[in-house]
Peer 1: 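Structure below; questions to follow.
None of the values given here were measured: they were computed from a predicted structure. Below, read A as the first sequence line, B as the second, and so on, with proteins coming before strands; counting in each chain starts at 1.
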There are 4 protein chains.
Amino acid sequence: MATVKTDNNQRKSRPKDKRDKILQAALKIFAQKGFYKAKVTEIAQEASVADGTIYLYFNNKHDLLISLFEEIMNNIIKRMTEAIRQEPDPLKRIGVFALTHLQLIDENKDLGVIIQVEIRQSSKFMKEYKNERFAQYLNLIARIIEDGQESGVIRREVIPGVAKRAFFGALDEMSRVLVLSPHKKYEVFSAAEQISRIFISGLAIDPKAQP
Amino acid sequence: MATVKTDNNQRKSRPKDKRDKILQAALKIFAQKGFYKAKVTEIAQEASVADGTIYLYFNNKHDLLISLFEEIMNNIIKRMTEAIRQEPDPLKRIGVFALTHLQLIDENKDLGVIIQVEIRQSSKFMKEYKNERFAQYLNLIARIIEDGQESGVIRREVIPGVAKRAFFGALDEMSRVLVLSPHKKYEVFSAAEQISRIFISGLAIDPKAQP
Amino acid sequence: MATVKTDNNQRKSRPKDKRDKILQAALKIFAQKGFYKAKVTEIAQEASVADGTIYLYFNNKHDLLISLFEEIMNNIIKRMTEAIRQEPDPLKRIGVFALTHLQLIDENKDLGVIIQVEIRQSSKFMKEYKNERFAQYLNLIARIIEDGQESGVIRREVIPGVAKRAFFGALDEMSRVLVLSPHKKYEVFSAAEQISRIFISGLAIDPKAQP
Amino acid sequence: MATVKTDNNQRKSRPKDKRDKILQAALKIFAQKGFYKAKVTEIAQEASVADGTIYLYFNNKHDLLISLFEEIMNNIIKRMTEAIRQEPDPLKRIGVFALTHLQLIDENKDLGVIIQVEIRQSSKFMKEYKNERFAQYLNLIARIIEDGQESGVIRREVIPGVAKRAFFGALDEMSRVLVLSPHKKYEVFSAAEQISRIFISGLAIDPKAQP
DNA sequence: TATGAATGAGAATTCATTCAT
DNA sequence: CATGAATGAATTCTCATTCAT
């Protein structure tokens with residue numbers, strides 16, 4: 001007879017589930033209150049877990065935040081990599097990146113807030129934490145630009161290391177509006193298009209290039 | 001009638017001075033540690049003032065941060081307004097804005113950190129605080145773009161409200177590198193030029209426009 | 001009839017063994033860290049047993065300590081009784097007691113630490129626990145003195161109840177040095193002899209009595 | 001007109017008073033419960049002080065205990081030194097030491113408990129804390145013995161470093177009874193005399209020496 | 001105005017113990 | 001008998017703010 005544990009799953013969560021539940025709760029609470037105002041008890045409650053349980057999966061509150069980062073960035077990187085792969089043209093990839101980024105944020109505003117607020121904090125209060133994932137994410141942009149330069153559609157003088165930041169910064173600042181304003185003034189598509197157009201025109205050799 | 005307070009100066013600092021001393025100290029400490037890790041006592045020490053004295057000039061720690069924002073943004077706006085006034089051409093103004101912004105940050109890194117980190121936090125922990133000054137600053141950019149559109153050098157489809165954020169975001173993200181990395185990889189001028197060029201080309205009707 | 005459990009030994013330890021393993025582990029950890037800093041988990045690990053298993057053999061952490069006491073004191077009393085029996089002369093028995101006590105501690109320092117530190121604590125945190133075994137041990141000394149008084153070699157004015165404590169205290173304090181100092185300044189034999197001589201001379205009617 | 005602050009003293013305690021009040025409270029509570037079971041809040045209450053106030057005077061709970069040690073040992077050493085000075089004869093000094101020690105403990109049982117219990121713990125949980133004061137106290141005994149050896153009344157073979165411990169141990173163990181038993185079986189004087197006699201006879205060249 | 005000692009609410013973390021498997 | 005994940009009460013310490021001087 002086969003094990004019927006399948007329905008048990010709903011009653012008692014397996015370890016992996018619990019860690020995830022905590023991370024989900026942390027995402028929500030951190031986004032809502034920010035790292036310092038978020039209380040561990042609150043996160044525990046949100047995750048329907050005892051306070052102490054959190055410490056079975058994470059060393060401390062900081063570690064919880066960092067783990068959350070990693071998880072989030074891994075997801076984003078995976079989804080973005082996937083999205084980009086679909087589009088071979090470097091210039092069009094810029095448009096894809098912009099739209100995907102803003103859509104990701106728009107789908108999960110908590111995520112946007114975390115990136116917005118905590119990524120900055122992190123560099124302060126966790127000097128030791130090298131945000132590798134974030135660097136990876138930025139490098140997806142750098143790669144697109146380099147590809148464009150190699151294939152002769154993006155200006156050679158452009159420094160990918162600067163441009164990647166400018167582009168990310170533009171999107172990130174834009175996403176702040178998306179996240180914070182309850183009535184989003186600028187639609188995601190519109191914003192993505194505007195930013196894409198600026199950067200494509202700004203980076204391309206042929207200024208008439210379109211997203 | 002001249003102020004008669006002159007001789008008092010040597011004995012005891014005038015109220016205005018003390019408020020400034022506290023704000024200076026707060027700038028330094030907040031930048032160094034971030035709002036939550038900065039201790040009021042520490043700021044008091046840095047300002048050579050008793051803990052209680054801070055509460056004679058500010059309602060509480062939050063108020064101190066907000067007052068600091070106001071002060072900082074007022075300064076920046078004044079300097080930026082001044083810088084822009086010198087240059088009538090909208091497209092060239094974009095270049096001026098970029099360079100001035102990055103130079104301001106580079107001159108006073110504490111200021112850069114505050115803008116970077118705390119401006120994001122602020123939206124979290126002070127829902128009530130409408131960051132008017134920051135909006136004003138962004139609108140300096142919007143105004144440049146609008147002017148450019150009116151004088152026919154910037155594309156009409158550009159939405160100033162989006163573009164201003166994209167441009168600020170690009171500069172802000174760039175300034176993070178400037179502020180955090182001890183050995184700045186990209187020089188202020190170079191960065192300013194790169195970003196200017198992208199945005200000028202990206203926004204202008206004549207794609208050959210130069211900063 | 002021989003025990004038939006022999007083959008089981010390789011697979012699973014017999015109950016008795018497990019209890020002993022836990023007590024051994026407790027001895028080591030309690031000695032190393034003291035009662036409060038010793039963690040149940042740690043003891044479980046040292047005993048290669050699950051945390052919960054400890055509660056199958058002992059009611060709680062306190063009970064574990066008390067059981068450990070009993071075990072230790074039983075052992076010591078047995079060994080000391082044996083050692084004393086070999087020597088009929090009351091005065092010489094004092095020397096035997098001293099040497100045996102210090103040797104026991106020296107052989108197993110953990111045991112010394114437990115007696116040193118926890119026996120004192122115990123009177124604090126376990127008011128209800130009457131340390132019967134310890135009283136028994138002290139009474140071994142009292143008995144020696146009484147015997148000496150009866151056989152006319154020890155002064156009649158000596159109050160055995162006081163003398164037993166003085167003697168034990170002297171040995172115990174000495175053993176603290178033995179236990180704590182990595183390079184024992186005073187050798188066990190030398191210390192035993194010194195203390196014996198003081199007490200024999202101090203208690204005996206004939207002051208020239210030798211250990 | 002002279003300041004009338006004298007009566008104010010009773011209303012508001014000066015810094016020094018507050019530190020003392022906390023130490024007094026700590027002495028009582030530590031003695032009652034032992035270091036680990038004593039709660040900081042409890043000590044604060046006993047001292048009629050806010051929890052936080054304790055941390056204005058001491059770094060942490062450990063530091064409070066150590067400071068308490070220092071204070072206690074300083075006092076004891078002072079009183080003992082004074083008592084010994086009155087009596088020039090080394091052998092008689094042994095009697096003085098014994099009586100003074102037991103009287104000190106008897107006067108302030110809390111003090112006795114602290115010495116009993118925490119001095120042992122201390123060697124465990126504060127490896128870094130070198131109990132200098134305690135060493136000093138022991139050396140008062142060593143000095144007496146050395147003096148006795150020099151003046152030819154104490155046996156040369158006696159090792160002061162061992163004898164001082166034996167003597168202290170005897171007194172200390174005796175004081176445990178004094179402290180713990182509500183109905184002290186052995187009077188302080190009787191106990192002091194018994195122990196003195198043993199050690200004087202045990203150490204002296206002339207065995208007939210009397211306390 | 002200025003001081004800084006005192007306050008005490010608040011929060012992260014620990015760990016003995018339980019109990020479903 | 002054995003396990004070890006989960007629990008949550010309990011505790012130390014911090015620090016913004018106050019207020020008597």
Side-chain angles (χ1 to χ4, degrees), chain A residues 5 8 11-15 18-19 36-45 47-64, chain B residues 12-15 18-19 36-45 48-64, chain C residues 12-15 18-19 36-45 48-64, chain D residues 5 8 11-15 18-19 36-45 47-64:
Chain A
K5 281 190 179 163
N8 280 336
R11 258 193 289 142
K12 197 78 186 180
S13 47
R14 287 158 311 159
K18 199 152 278 183
R19 201 188 115 103
Y36 285 103
K37 289 194 117 184
K39 303 308 163 202
V40 171
T41 298
E42 225 172 345
I43 294 172
Q45 249 168 347
S48 308
V49 144
D51 291 25
T53 305
I54 289 181
Y55 293 87
L56 295 178
Y57 294 91
F58 306 94
N59 296 323
N60 49 45
K61 203 182 164 189
H62 274 173
D63 184 40
L64 177 53
Chain B
K12 207 84 176 179
S13 48
R14 285 163 308 165
K18 200 157 275 185
R19 202 187 114 101
Y36 283 102
K37 289 194 127 182
K39 305 305 162 207
V40 172
T41 297
E42 222 174 347
I43 294 172
Q45 252 171 342
S48 309
V49 142
D51 292 23
T53 304
I54 288 182
Y55 291 85
L56 297 176
Y57 294 92
F58 306 93
N59 295 324
N60 50 43
K61 201 183 167 191
H62 275 174
D63 184 40
L64 176 53
Chain C
K12 208 85 175 179
S13 48
R14 287 161 307 164
K18 200 156 275 187
R19 203 187 114 102
Y36 284 103
K37 289 194 128 185
K39 305 308 163 203
V40 172
T41 297
E42 222 172 348
I43 295 172
Q45 251 170 344
S48 309
V49 143
D51 292 24
T53 305
I54 288 181
Y55 291 85
L56 297 175
Y57 295 92
F58 305 94
N59 295 323
N60 50 43
K61 201 182 166 191
H62 275 173
D63 185 41
L64 177 54
Chain D
K5 282 193 179 161
N8 280 338
R11 257 193 290 144
K12 197 77 187 180
S13 48
R14 287 158 311 160
K18 198 152 279 183
R19 200 188 117 102
Y36 284 103
K37 289 195 116 184
K39 303 307 163 203
V40 172
T41 298
E42 225 173 345
I43 295 171
Q45 250 169 347
S48 309
V49 143
D51 290 25
T53 305
I54 289 182
Y55 293 87
L56 294 179
Y57 294 91
F58 306 94
N59 296 324
N60 50 44
K61 203 181 163 192
H62 274 173
D63 184 40
L64 177 54

Peer 1: Could you tell me how far F/dT21 sits from E/dT1 if I compare only their C1' atoms? Round to whole Å.
Peer 2: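 It comes out at 13 Å once rounded to the nearest Å.
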Peer 1: Could you tell me the separation between the CD atom of B/Q45 and the C1' atom of E/dA5, rounded to a whole number of Å?
Peer 2: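 For the pair B/Q45 CD and E/dA5 C1', the rounded distance is 15 Å.
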Peer 1: At under 4.0 Å between heavy atoms, how does the protein contact nucleotides 11-18 of chain F? Give one character per nucleotide, 5' to 3', with B, S or -.
Peer 2: SBBBSSBB
Peer 1: May I ask you to evaluate whether B/K18 reaches the phosphate of E/dA2, defined as a side-chain N or O under 4.0 Å from OP1 or OP2?
Peer 2: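 Yes, B/K18 has a side-chain N/O under 4.0 Å of OP1/OP2 on E/dA2.
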Peer 1: What are the two closest heavy atoms between C/E42 and C/K37, and how far apart are they?
Peer 2: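 It is OE1-O, 4.1 Å.
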Peer 1: For D/D63, check side-chain contact (heavy atoms from CB on, under 4.5 Å) against everything at least two apart and list the hits.
Peer 2: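 So D/D63 forms a side-chain contact (heavy atoms from CB on, under 4.5 Å) with D/F58, D/N59, D/N60, D/S67.
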Peer 1: Write down the distance between OH (C/Y57) and C1' (F/dT3), rounded to a whole number of angstrom.
Peer 2: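 Whole-Å distance recorded here is 13 Å.
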Peer 1: Tell me the closest heavy-atom pair linking B/I43 and B/I54, and the distance in Å.
Peer 2: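 Heavy atoms only, the tightest pair is CG2-CD1, 4.0 Å.
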Peer 1: Which distance, rounded to the nearest 0.5 Å, do you find between the CG of C/L64 and the CZ of C/R19?
Peer 2: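 CZ of C/R19 is found 9.0 Å from CG of C/L64.
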Peer 1: Determine whether a donor-acceptor pair (N or O, by modelled atom type, separation under 3.5 Å) exists between the side chain of A/K61 and the backbone of A/A38.
Peer 2: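 Checked: pair present.
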Peer 1: In whole angstrom, what separates D/R19's CZ from E/dA5's P?
Peer 2: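 D/R19 atom CZ is separated from E/dA5 atom P by 15 Å.
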Peer 1: Let me check I have this right: for DNA chain F, each base becomes ., (, ), [, ] or |, based on Watson-Crick or G-U pairs with both distances under 3.5 Å. What is the full string?
Peer 2: .||||||||||||||||||||
Peer 1: Could you tell me the separation between the CG atom of C/D63 and the C1' atom of E/dA16, rounded to a whole number of Å?
Peer 2: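 Value for this atom pair: 14 Å.
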Peer 1: Could I get the full list of side chain to side chain donor-acceptor pair (under 3.5 Å) partners for B/T41, not counting sequence neighbours?
Peer 2: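 By the side chain to side chain donor-acceptor pair (under 3.5 Å) rule, B/T41 matches B/D51.
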Peer 1: Could you check how far CG of A/L64 sits from C1' of E/dT13, rounded to whole Å?
Peer 2: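 In whole Å, E/dT13 C1' lies 13 Å from A/L64 CG.
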